[in-house]
Amino acid sequence: MRWSNFTLLFFFYTLYFSQNAYAQSNVIWITQSHNSSESMPVGGGDIGLNLWVEKGEIYLYLSQSGTFDENNTLLKLGRVKLKLSPNPFEGKTFKQELILNDGYAQISGSNGKLNTQIKIWVDVFNPVIHLDIKSNQKITTEASYESWRFEDRITKGKENNQNSYKWAPQGVIKTFKDEISFKGNTIQFYHQNKLETVFDVAVKQQGLEDRKAELFNPLKNLIFGGSLQGNRMIQAGNYSGTYLNTPFQGWTLKSKSPTKSEQITIRLNTSKVASVQAWEKEINAIKPAASQKASIKWWNDYWKKSFIYISSKDETANQSSKNYQLFRYMLGCNAFGKYPTKFNGGLFTFDPQLTDSTLKYTPDFRNWGGGIHTAQNQRLVYWPMLKSGDFEQMKPQFDFYLNLLKNAEIRTEAAWGHKGASFTEQLENFGLPNPAEYGWKRPADYNKGMEYNAWLEYEWDTVLEFCMMIMDTERYDHRNIDKYLPLIESSLTFFKEHYTYLAKKRGAKSLDGNGHLVLYPGSGAETYKMAYNSTSTIAALKTVLERLIEYPSLPDSKSKEWTEMLQTIPPISFRQFDGHTTISPAKVWERINNTESPQLYPVYPWGIYGIGKPGLDTAINTFKYDTDVLKFRSHVGWKQDNIFAARLGLTQEAAKLTTLKLKDSGRRFPAFWGPGFDWTPDHNWGGSGMIGLQEMLMQVDGKKIYLFPAWPKDWDVHFKLYAPYQTTVEGTLKDGKLIDLKVLPEARKADVKVMIE
């Protein structure tokens, strides 16, 4: 085979570009950290670590997916401390590096002639953390397990924001102590949920005790924890101390004798089992991998699968590219979790007073709860996984809703006597509304199905974005989604049944004069309240119904049913600003509660308006002239303005807002954004940044693929993204020109339109 000079030039250019990008994305620190807020995320599988070196000692916070206690706090699994003697980190040479391509961290230090290196890695396929220590001289290693849950702790005031009681605890709320002990030369630690949990409290509050035995309960029989052991380490006693404002106790293992190498492993296990003995049997059966090869291969493949590497004179553009990769790394650490990555910190929260100095609570704290699912925020963590091809990572999010389907249907039937699944905003991981948001001080005759809450009332359309994501995985990756069809259909059924039910309670007709559902009362996100025909709801119903009708495996009888419902969806409403027609957030509404812009949801995520589609000028007018949209505009947290701008082809605005969103966080780790409106690290901040960068680079509409629809031509980029119909698009833009384009399958290249000027 003969290669042309151009092909050779491209090959070496892209190879250099990619290798340079890997190296530039590594995070390297040459000084130690002051505290846990200056930690580095490390993880894999379903485990996240906060890793830092402070005053010559190495610390790790341990987190795993699904560790919900009785109150639905997402508890950490404790803290590990390493102390070496003689100490290599008391010298002048220090380095801590996140080696992104291989998915692990390495710490090295020199003190005189002593040189020591520690590799910290998580097995992607087994819940095991490895600490591999190598030194050129014999040293003594102390590995300690530290816990602030050595005794019951009463949580008061805002500290209950970490659990499901929030500002409305019913009586005294306790975080119950863990069981921690030496088992031979192993330290074992676990938390076993009590028989009564917040699930029982919510069921009683919401009038569902007669159906309790039928309800899915994720907190029952839940035990989580782990064990710490070293190859040549023995018991070395206990101690106590205080980190920041939090008292703790420690259990220590120590080297039998000084050695040049030591391997420490921490096995974690989160399981629903009937007894501690059953949990112990499971954790003892976990076998640490013989080598790191399989985990490194997984991470190598992860980075080859999809990437965006920018090289520009604009440093904010380069930061955006780097932080896009760093945040995707954090998402990859929960690729195989039992639960979706939480928007309010994921697996990487740290001591809360380092985010807000008034919150002197334990490391278990995060604002907006642990087991609470806030769909408006969660969606932004998961939408970018389509274009990055991380379809397997989306499964925990989809299964979250599927597991709650029966509970949501029972709730609907009990409250209103009709069919369909009612999924509220501020949803517990057992499918009922959060008790505090549901409201304890409710009018006696207030309907049991409703949240008595000015922000959340009548907001039940957010599940439809996850229904759409599910159907998109079928279109993108040809995934079989048959098991999720009951979820999608029941979510749609709720709207048909419920708004027919409400209309019949008001009068004789169930539809308006045009044969449309009367979507009242409704909600335009959390912002436009008591809305009549909310635009976000209309756009969601219309788009999900159209896609469901197109699903190849849908029976004809179902296709007919959903086609009939589609015909009842009312049209989107419009309004005027200075003579410019814009999309209205609803037909009418009573008040504004928040600062979202659901009038632009037909642009994103629903794609009714956009590049190459009718009405683009109206959508652009909405972005430019709607006074609410202008007032609410921001790059902070869950704000989507950068995505709207990209979808509308507004290059300058998209670049400005996306680079603001993806710039360095101001914390030591560049992708620890927040708290924004939520908590640190703010994952819906990072997710919306990822989406914006992707949409600037590539947009899809059916089989059409638009490249560079909102991309500054002076941003050189090498990228690989996914498109529908099992398609990958890889290309390199150099000096404003596309110097290579690789589309697989090749037949799809005909569907690509390059829009760079």
Side-chain angles (χ1 to χ4, degrees), residues 43 45-50 60-81 122-123 126-131 143-153 155 162-163 174-199 217-230 233 235 238-240 246-253 264-288 337-339 347 349 362-364 370-371 429:
D46 67 346
I47 292 171
L49 312 174
N50 291 72
L60 301 95
Y61 277 135
L62 314 178
S63 297
Q64 187 176 33
S65 176
T67 57
F68 303 112
D69 78 349
E70 295 89 341
N71 307 316
N72 238 344
T73 303
L74 183 58
L75 297 181
K76 288 197 178 295
L77 293 176
R79 181 174 57 230
V80 170
K81 181 179 76 174
V122 178
D123 189 333
N126 296 286
V128 183
I129 301 156
H130 295 257
L131 309 174
S144 300
Y145 175 79
E146 298 181 342
S147 177
W148 48 94
R149 294 197 303 274
F150 59 89
E151 61 184 358
D152 292 353
R153 178 187 175 91
T155 53
Q162 72 187 26
N163 60 49
K174 289 183 180 179
T175 299
F176 293 102
K177 74 184 186 76
D178 291 355
E179 296 298 326
I180 309 163
S181 62
F182 288 108
K183 294 279 186 177
N185 291 324
T186 293
I187 304 168
Q188 179 176 283
F189 49 94
Y190 65 86
H191 185 97
Q192 181 179 25
N193 281 353
K194 305 291 185 185
L195 290 177
E196 183 166 307
T197 70
V198 72
F199 167 85
N217 181 357
L219 304 181
K220 185 177 181 180
N221 295 329
L222 187 63
I223 306 177
F224 47 86
S227 65
L228 184 153
Q229 49 277 312
M233 304 188 81
Q235 289 186 39
N238 299 81
Y239 62 96
S240 60
T246 303
F248 66 86
Q249 289 188 358
W251 288 254
T252 301
L253 302 177
I264 298 167
T265 54
I266 306 162
R267 293 176 288 185
L268 301 182
N269 185 36
T270 298
S271 184
K272 282 175 69 70
V273 288
S275 67
V276 172
Q277 291 74 24
W279 178 86
E280 286 179 326
K281 186 176 181 181
E282 288 183 352
I283 199 165
N284 291 333
I286 297 170
K287 301 300 180 187
K338 293 183 178 75
Y339 281 86
L347 296 173
T349 57
T362 77
D364 291 325
N429 55 11

NZ of K174 to CG of D152, rounded to nearest 0.5 Å, is 5.0 Å
Evaluate the salt bridge (Lys or Arg N to Asp or Glu O under 4.0 Å) criterion for residues E70 and K194: first the C-alpha distance (whole Å), next the side-chain angles of each, then the deciding distance (0.1 Å), finally the verdict. CA-CA 6 Å; E70 295 89 341; K194 305 291 185 185; 5.5 Å; no
Okay, side chain of N193, backbone of F68: is any donor-acceptor separation there less than 3.5 Å? yes
Using the rule given for side chain to side chain contact (heavy atoms under 4.5 Å, CB included), can you reason through Y239 versus F248, listing the C-alpha separation, both sets of side-chain angles and the distance that settles it, and then say yes or no? CA-CA 9 Å; Y239 62 96; F248 66 86; 3.6 Å; yes
Salt bridge (Lys or Arg N to Asp or Glu O under 4.0 Å), that's the test. Do R149 and E151 meet it? Break it down for me. CA-CA 5 Å; R149 294 197 303 274; E151 61 184 358; over 6 Å; no
Below 4.5 Å, heavy atoms only, C-beta onward: do F224 and L75 meet side chain to side chain? yes
Distance col, row D69:CG vs T175:OG1, nearest 0.5 angstrom, shows 5.5 Å
So, does K338 use its side chain to make a donor-acceptor pair with the main chain of D46 at under 3.5 Å? no
Tell me, with the steps shown, if I47 and I129 meet side chain to side chain contact (heavy atoms under 4.5 Å, CB included). CA-CA 8 Å; I47 292 171; I129 301 156; 4.0 Å; yes
Evaluation steps, side chain to side chain contact (heavy atoms under 4.5 Å, CB included), between W148 and D178: CA-CA 9 Å; W148 48 94; D178 291 355; over 6 Å; no
For Q229, the side chain to side chain contact (heavy atoms under 4.5 Å, CB included) test, sequence neighbours excluded, returns T186, S227, T265, R267
Within 45° cone and under 6.0 Å: K220 NZ/CZ vs F199 ring: no
Only counting residues at least two apart or in another chain, list the ones meeting side chain to side chain donor-acceptor pair (under 3.5 Å) with N50. S39
Sequence neighbours excluded, the answer for side chain to side chain donor-acceptor pair (under 3.5 Å) partners of N217 is none
